[in-house]
Amino acid sequence: MAETQSAAAPHKDERIREISSVRKALIRPELGAICGTILVFMFFIAIAGDSGMFAPEGIINWGTVSAQFAIIAVGACLLMIAGEFDLSVGSMIGFSGIMIALMTVHWGFPTWIAILVAIALALAIGALNGYLVMKTSLPSFIVTLAFLYILRGLTIFISIATTRKTIIGGVREAAEGDPIAWLFGGKVFSGLFVWLADMGVVGKFVAGPRAGQPVVEGIPMLMIWAIALIVFGHFLLTRTRFGNWIFASGGDAQAARYVGVPVNRVKILMFMFSAFCATIFATCQVMEFGSAAADRGLLKEFEAIISVVIGGALLTGGYGSVVGAALGALIFGVVQQGLFFAGVESSLFRVFLGVILLLAVILNTYIRRMITGER
Amino acid sequence: MAETQSAAAPHKDERIREISSVRKALIRPELGAICGTILVFMFFIAIAGDSGMFAPEGIINWGTVSAQFAIIAVGACLLMIAGEFDLSVGSMIGFSGIMIALMTVHWGFPTWIAILVAIALALAIGALNGYLVMKTSLPSFIVTLAFLYILRGLTIFISIATTRKTIIGGVREAAEGDPIAWLFGGKVFSGLFVWLADMGVVGKFVAGPRAGQPVVEGIPMLMIWAIALIVFGHFLLTRTRFGNWIFASGGDAQAARYVGVPVNRVKILMFMFSAFCATIFATCQVMEFGSAAADRGLLKEFEAIISVVIGGALLTGGYGSVVGAALGALIFGVVQQGLFFAGVESSLFRVFLGVILLLAVILNTYIRRMITGER
Amino acid sequence: APAAAEGERFVLVSHAPDSDSWWNTIKNAIAVAGEQMNVEVEYRNPPTGDLADMARIIEQATASNPDGIIATIADYDVLSGPISDAVAKGIPVITINSGTIEQSKQLGALMHVGQPEYDAGKGAGEKAKAAGVTQFLCVNHYITNPASVERCQGYADALGVELGNQMIDSGQDPSEIKSKVMAHLQTNPDTNGILTLGPTSAHPTLAALDELGKSGTIHFGTFDISSEIADAIKSDVIAFAIDQQPYLQGYLPVVILTNLARYGVVPGNSINSGPGFVTKDNIALVEEYAGEYR
Amino acid sequence: MSDTLIELIDIEKHFGPVIALAGVSVSVRAGECHCLLGDNGAGKSTFIKTMSGVHKQTKGKILMEGKEVSFDSPRDAMEAGIATVYQDLAMIPLMSVTRNFWMGREPRKRFGPFKFFDFAEANEVTMTEMAKMGIRLRSPEQAVGTLSGGERQTVAISRAVYFGAKVLILDEPTSALGVRQTSNVLATIDKVRNKGIGVVFITHNVRHAMAVGDRFTVLNRGKTLGTAARGEIKAEELQDLMAGGQELAELEGSLGGTV
Amino acid sequence: MSDTLIELIDIEKHFGPVIALAGVSVSVRAGECHCLLGDNGAGKSTFIKTMSGVHKQTKGKILMEGKEVSFDSPRDAMEAGIATVYQDLAMIPLMSVTRNFWMGREPRKRFGPFKFFDFAEANEVTMTEMAKMGIRLRSPEQAVGTLSGGERQTVAISRAVYFGAKVLILDEPTSALGVRQTSNVLATIDKVRNKGIGVVFITHNVRHAMAVGDRFTVLNRGKTLGTAARGEIKAEELQDLMAGGQELAELEGSLGGTV
Ligand SMILES: Nc1ncnc2c1ncn2[C@@H]1O[C@H](COP(=O)(O)OP(=O)(O)OP(=O)(O)O)[C@@H](O)[C@H]1O
Ligand SMILES: Nc1ncnc2c1ncn2[C@@H]1O[C@H](COP(=O)(O)OP(=O)(O)OP(=O)(O)O)[C@@H](O)[C@H]1O
Ligand SMILES: [Mg+2]
Ligand SMILES: [Mg+2]
């Protein structure tokens with residue numbers, strides 16, 4: 001009923017109140033997530049402010065968890081804005097991790113080749129996902145649900161068939177001296193933290209094998225990746241032609257197609273990007289912990305979707321923001337770790353998460369209706 | 001573009017081929033599932049015919065597994081036809097089970113009261129789910145995803161907080177002599193099987209305290225429940241006014257509302273029915289095994305949805321059949337247990353499942369387009 | 001003639017989800033035993049670790065008429081029906097891993113090869129108590145599995161303290177486990193004992209301790225062995241690993257069932273495969289085969 | 001011809017800050033076709049939705065055959081004899097013609113303690129009713145999605161008529177239809193009117209309105225500009241009123257006054 | 001006025017068993033408004049979709065300024081200067097006016113090795129172009145969902161014109177619009193035509209066609225019933241042709257011949 005909305009049109013309509021310009025500047029997709037972030041921080045400063053949660057090592061702690069969520073949330077966000085979603089993210093994480101570990105440890109490939117091959121494989125699977133969705137015009141829920149099972153099954157099967165194990169260790173040793181492995185598992189700015197520790201801003205270990213070193217060794221590459229992907233995703237979405245195509249494909253694929261937007265290409269690329277993010281996640285994890293397990297990433301697809309939805313994106317596509325998704329990931333990470341710092345019974349975390357999700361979407365829906373004139 | 005379809009209209013249109021009447025009689029929502037069932041049975045008769053899979057106790061085995069899937073699939077099917085879906089089914093199973101066990105074992109309620117209270121609780125939660133979806137007009141994916149987390153979290157929290165365990169045993173002992181417990185955990189037609197065993201059709205136990213009794217004690221109540229729910233669901237959907245309302249609510253809620261169908265009531269009732277089915281599942285399981293665990297039902301929501309989709313229902317609502325969903329559950333159960341009988345590496349089960357799901361939906365989509373004139 | 005009886009088929013049913021790496025050792029053991037004895041051994045498990053599914057698998061195994069079934073007693077209530085049905089059908093059953101010898105007897109199984117979870121946890125707790133642990137952290141990566149809670153409970157009981165929130169639900173993601181352990185240790189700096197329930201939680205916990213600079217300062221016990229855990233034992237970060245010698249739990253039942261089928265001989269008593277405590281003293285041999293045969 | 005079926009007096013309807021209707025009064029008599037005209041967003045749809053129980057008026061009252069009534073749901077309005085055919089939402093394409101026809105008022109057959117949907121009767125009635133409107137169905141189980149737009153519109157109208165509507169409301173039934181289909185619908189309106197049913201017909205097309213209308217009410221920005229009977233007003237005047245008295249002169253110049 | 005921009009010769013289009021077009025030839029000249037008329041399902045939409053690269057014709061050829069061309073995607077057709085405005089699918093309501101305006105042809109600004117969407121320019125052009133069409137936007141970032149139907153239609157048309165379309169195709173742009181909005185759209189067509197652009201205008205409303213059309217082609221069941229120039233044919237004849245020569249007589253009787 002598109003035509004019924006003319007009252008919201010600009011010209012001097014006596015039948016509608018004007019919206020104040022302050023309010024107008026405020027209402028943006030990520031507003032809900034911004035409010036949420038502020039509330040969550042206030043809450044935890046109040047109840048866990050003195051628990052070390054906001055000391056440097058505490059910040060690194062929840063920062064890392066949030067960064068993890070953010071990496072997959074960026075992929076899920078762009079894909080969701082393009083109008084699809086991917087339930088196979090979690091299985092993809094497990095699959096990529098095992099592939100890297102298998103190639104390096106079991107087959108003795110150089111680590112950088114293993115990583116590149118894993119990324120290539122992930123891109124191929126993402127493309128297959130997207131191709132099937134486009135070709136059969138089935139809902140992506142079904143197609144990627146099938147891949148959730150297929151990939152997880154293959155991962156377990158391959159790792160058992162080749163190594164008789166479902167956890168493959170020894171990757172760190174194999175990766176030593178590799179030209180690109182540090183890009184995923186390393187830490188940066190160690191010098192800065194030594195300096196900060198000398199200045200007394202950051203504490204030092206007083207006992208144990210690392211006495212004298214700063215308590216924070218450096219910024220994990222995971223966070224750098226998260227920030228890089230967020231910046232990339234944000235610019236891609238809001239500042240480029242391709243970003244406009246992503247919005248268009250998710251908003252109305254047919255309309256976009258008719259004005260010449262290559263919708264299939266856009267969507268397939270977004271499936272590939274989502275698989276790519278999952279692989280980055282997996283690679284960072286494998287490089288940091290030195291081992292890969294076939295059950296990694298379980299239910300991560302939901303966590304990615306939840307972050308994105310908390311961040312204000314619309315499940316049905318065409319609307320959302322990467323910054324919002326990143327804030328969603330931050331909320332997710334802070335709540336999860338914050339409850340630990342606050343000493344709340346840890347099984348209640350899930351209850352909190354569910355409640356926050358509900359509140360966030362209700363708030364976001366309200367904001368979106370104001371922006372888009374939707375009813 | 002509704003108006004572009006007049007060529008498919010009945011009257012003597014020279015521009016379209018006639019569809020043969022045999023083909024017309026064949027194409028029905030569950031056709032895909034019927035073909036699938038036949039194929040699956042042929043396949044397993046060929047590769048596992050001599051493994052005991054089709055002996056009486058083998059049939060009871062995969063029959064029970066299929067019945068389990070069928071119980072939740074009926075609920076999911078009606079809900080999906082009504083245009084919504086429920087990701088909290090699995091968590092609901094865990095929750096109901098733990099509630100029953102807690103009430104009977106820990107708090108000493110009579111079993112029948114515990115069961116009734118659990119059902120009442122489930123109906124209330126289902127109603128809450130539905131109410132939130134209707135009230136906020138959020139997608140049911142999000143709302144029930146929130147409840148997936150909330151219910152699972154509560155289940156773990158409650159069981160640990162009260163008993164310091166996540167598994168609660170001793171329900172069978174507590175339920176002894178209860179007037180309705182056998183309705184869920186019992187077996188029927190024992191006499192028939194004794195007779196069959198005497199006839200030599202069914203084997204007998206040869207050792208232990210039960211030597212001389214038939215190997216198949218009876219038909220588990222689980223199957224009776226499954227059949228009852230399938231029959232109920234099928235009649236409700238195809239033969240009653242309310243069934244028409246379910247189709248209408250899922251097909252186009254607004255259109256249905258305008259002709260006076262109480263859409264909100266229909267959808268909320270279907271959420272409640274889905275929760276009810278989950279509780280029946282949980283109760284049968286608890287009564288049969290005598291214990292409840294907080295992790296019961298993990299990922300069962302997907303299995304229910306997969307059964308329904310294999311059975312030909314449309315993820316977006318308004319189209320499907322209970323018989324199809326039941327056949328979907330049968331396929332699911334037979335494949336899962338059949339692979340064990342055939343001795344296939346069990347991790348490959350998921351791969352099979354994913355592939356079957358994909359093939360089934362592609363086939364179903366094709367059939368549906370023929371029936372509904374959709375493009 | 002014995003030779004003619006070769007090629008028996010046995011089924012081992014575990015409660016572990018697909019991805020539980022600990023069971024590889026048992027899978028390897030049954031492969032070795034199967035080859036040595038020239039029998040066929042199938043491994044079955046519920047994909048998601050749902051015990052109700054496991055009961056169905058035992059029923060399925062029974063229906064396929066094998067020459068013997070090897071099963072864990074992950075939950076006596078759930079499994080008593082299917083296992084005693086199998087026994088009643090005349091199929092020899094050996095129980096392994098979780099469960100107690102009494103339960104095994106009640107089910108009519110031939111014998112039990114394993115180590116009860118609660119007692120294993122308690123054993124770990126006793127060692128910890130001797131080392132002066134007063135406040136601990138039990139990293140439970142699989143909280144929905146009952147056995148995991150029993151281990152933590154046993155540990156707490158041996159120390160004589162309340163379990164309370166010293167057991168954390170860590171989830172299975174390594175980064176999250178690591179972060180949660182770090183968060184817990186930062187907010188509970190008096191913690192002087194850690195129990196992890198397997199490599200899944202042990203590896204990230206090692207990383208967490210390293211990052212906190214607390215490696216070696218906290219008494220650290222774990223279940224099960226892996227190469228990382230072995231290294232940590234050697235470098236004094238982990239005090240001990242409880243090894244129930246899963247290899248035996250897989251190997252012995254196959255050998256025993258084969259001999260029962262061929263010659264009708266069977267040992268009269270249950271076998272305790274553990275608890276073996278792997279410490280720095282006996283690590284050398286363990287290490288070589290960790291994750292595969294140990 | 002002059003017995004008033006339904007009378008709406010001073011209806012106001014607000015949606016939050018939006019005032020969609022600011023006091024509209026309209027009455028519908030038996031056997032007349034009352035045309036509701038007006039610009040986009042004038043409030044026509046809102047008005048008829050108030051009449052058919054979808055919205056509840058903010059102010060004003062509804063008299064049904066002289067008695068004040070209050071509709072809380074579309075069901076209430078239907079029970080009172082008001083049937084509405086919406087432009088897009090008339091039918092559910094995935095469902096069969098019979099199921100659509102009876103949707104919300106399914107005939108039932110007792111069977112012991114249970115009541116079942118009486119398909120035998122439903123199918124038969126559907127076929128006859130559709131035949132009366134001149135549509136020959138392949139089978140009553142045919143999905144509505146396989147019908148053409150005009151046919152769907154007709155199913156919706158014949159359904160409303162069959163259920164004994166006293167007032168039949170049609171919201172832009174002709175906007176997407178071709179000439180032939182339009183003629184069909186207009187002819188149907190005529191048939192229905194001759195049965196003594198009051199018809200409310202919304203359209204943007206003055207010709208269509210003039211073809212079947214007995215009275216014309218023009219809405220503008222939520223207010224009524226008055227009601228005129230057939231013969232009292234010319235098509236051109238109506239046209240001017242609908243456009244809200246806009247300076248159409250320059251357009252007309254270039255376009256030849258034929259809009 | 002007589003230089004032919006695009007010529008479609010003997011176009012056939014089959015969808016599986018359905019023959020949607022069975023040999024249709026139409027040409028469009030610069031600066032003319034060519035009306036495409038016909039019943040529901042006659043094949044009008046299919047025909048213009050072939051023209052704009054959405055469908056690939058089964059048979060027949062397309063000449064663009066005398067040279068044979070082949071469009072594999074809507075993009076190809078756009079590049080060749082064919083812009084299409086679809087009835088429902090013109091705009092994406094969730095996106096801003098600027099983003100919609102430029103969708104598929106976003107202006108870009110170099111920034112080192114990267115190219116960015118040039119919002120400054122895009123916003124400015126959007127505002128001016130919309131102003132030229134007589135629409136004053138609150139802000140170019142306003143979501144299209146907050147515009148009225150007529151306004152949306154205008155955004156779509158001005159977009160097409162701005163991108164230098166040689167041929168502008170409009171598929172039933174007026175069917176849901178009120179009188180004023182319709183006048184606006186018709187006036188816009190007139191403006192566009194005067195710039196030398198060839199316009200293809202699909203409608204069911206003969207009055208609208210007569211108001212702006214220079215030539216009229218009637219389709220019936222996938223075939224063309226011939227093309228007539230303005231003045232060669234009267235509205236009534238056109239009406240008859242569109243209804244496919246149906247016996248409209250009895251309807252007309254009751255309805256006063258004004259359909
Ligand atoms: N649910 C709603 N919430 C807020 N505003 C609404 C709602 N429904 C309608 N409106 C507004 O009320 C006014 C009247 O709308 P209505 O749909 O009644 O117009 P109409 O006369 O039917 O127009 P058209 O000819 O385009 O169908 C419009 O300004 C519209 O934006
Ligand atoms: N994708 C498709 N697949 C199969 N048949 C189609 C398809 N698109 C159109 N048709 C058929 O082609 C014929 C012509 O349709 P088209 O949409 O071109 O008609 P139209 O003249 O635009 O009608 P209307 O005035 O109702 O818009 C119709 O019979 C329609 O059912
Ligand atoms: Mg309207
Ligand atoms: Mg068309």
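Convention: sequence-line order gives letters A, B, ...; per-chain numbering from 1.
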**Item:** Charged N-O contact under 4.0 Å between E:Glu7 and E:Lys61
**Value:**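 So E:Glu7 does not pair with E:Lys61 through a salt bridge.
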**Request:** Enumerate by number any residue of residues 116-123 of chain E whose heavy atoms lie under 4.5 Å from heavy atoms of chain A; in the absence of such residues, state 'none'.
**Result:**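 The list, in residue order, reads E:Phe116, E:Phe117, E:Phe119.
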**Item:** Interface residues of residues 74-83 of chain E facing chain A - non-hydrogen atoms under 4.5 Å apart
**Value:**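 Within residues 74-83 of chain E, near chain A: E:Pro74, E:Arg75, E:Met78.
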So, [X] and [Y]: side-chain donor and acceptor under 3.5 Å apart, yes or no?
X        : Y        : answer
A:Ser140 : A:Lys267 : no
E:Gln57  : E:Thr50  : no
A:Asn264 : A:Arg257 : yes
A:Tyr131 : A:Thr136 : no
A:Thr240 : A:Trp245 : no
E:His34  : E:Thr217 : yes

**Request:** Could you check which of A:Thr238, A:Val261, A:Asn244 has the highest count of heavy-atom pairs closer than 4.5 Å to chain E?
**Result:**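 Top count of heavy-atom pairs under 4.5 Å with chain E: A:Asn244.
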**Partner chain E: residue of A:Ala248, A:Gly243, A:Gly251 with the largest heavy-atom pair count (under 4.5 Å)** =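 Answer, by heavy-atom pair count under 4.5 Å with chain E: A:Ala248.
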**Message:** Let's go through E:Phe15 and E:His55 carefully: what are the C-alpha distance in whole Å and the side-chain angles of both, what is the deciding distance for ring-ring contact (aromatic ring centres under 6.0 Å, His included) to 0.1 Å, and is it a yes or a no?
**Reply:** CA-CA 10 Å; E:Phe15 295 107; E:His55 297 320; 5.1 Å; yes
**Prompt:** Should the pair E:Phe163 and E:Phe101 be assigned to parallel (<30°), tilted (30 to 60°) or perpendicular (>60°) ring geometry?
**Reply:**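 If you compare the ring of E:Phe163 with that of E:Phe101, the planes turn out tilted.
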**Prompt:** Would you call the rings of A:Phe184 and A:Trp225 parallel, tilted or perpendicular if under 30° counts as parallel and over 60° as perpendicular?
**Reply:**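 The arrangement is parallel - the two ring planes meet at less than 30°.
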**Asked** So which of E:Gly104, E:Ser139, E:Ala160, E:Ser73 has the largest heavy-atom pair count under 4.5 angstrom toward chain A?
**Response**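 Heavy-atom pairs under 4.5 Å are most numerous for E:Gly104.
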**Item:** Euclidean distance, A:Phe141 CZ relative to A:Glu84 CD, rounded to 0.5 Å
**Value:**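 Between atom CD of A:Glu84 and atom CZ of A:Phe141 there are 13.5 Å.
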**Request:** Look up atom CD in A:Glu30 and atom CD1 in A:Ile310, then write down how far apart they are to the nearest 0.5 Å.
**Result:**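 Result: 15.0 Å between the selected atoms.
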**Asked** Can you say whether E:Arg108 sits under 4.5 Å from chain A via the side chain, the backbone, both, or neither, judging by heavy atoms?
**Response**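 For E:Arg108, side-chain heavy atoms alone lie under 4.5 Å from chain A.
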**Prompt:** For A:Phe235, is it the side chain, the backbone, both, or neither that has a heavy atom closer than 4.5 Å to a heavy atom of chain E?
**Reply:**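 The side chain, not the backbone.
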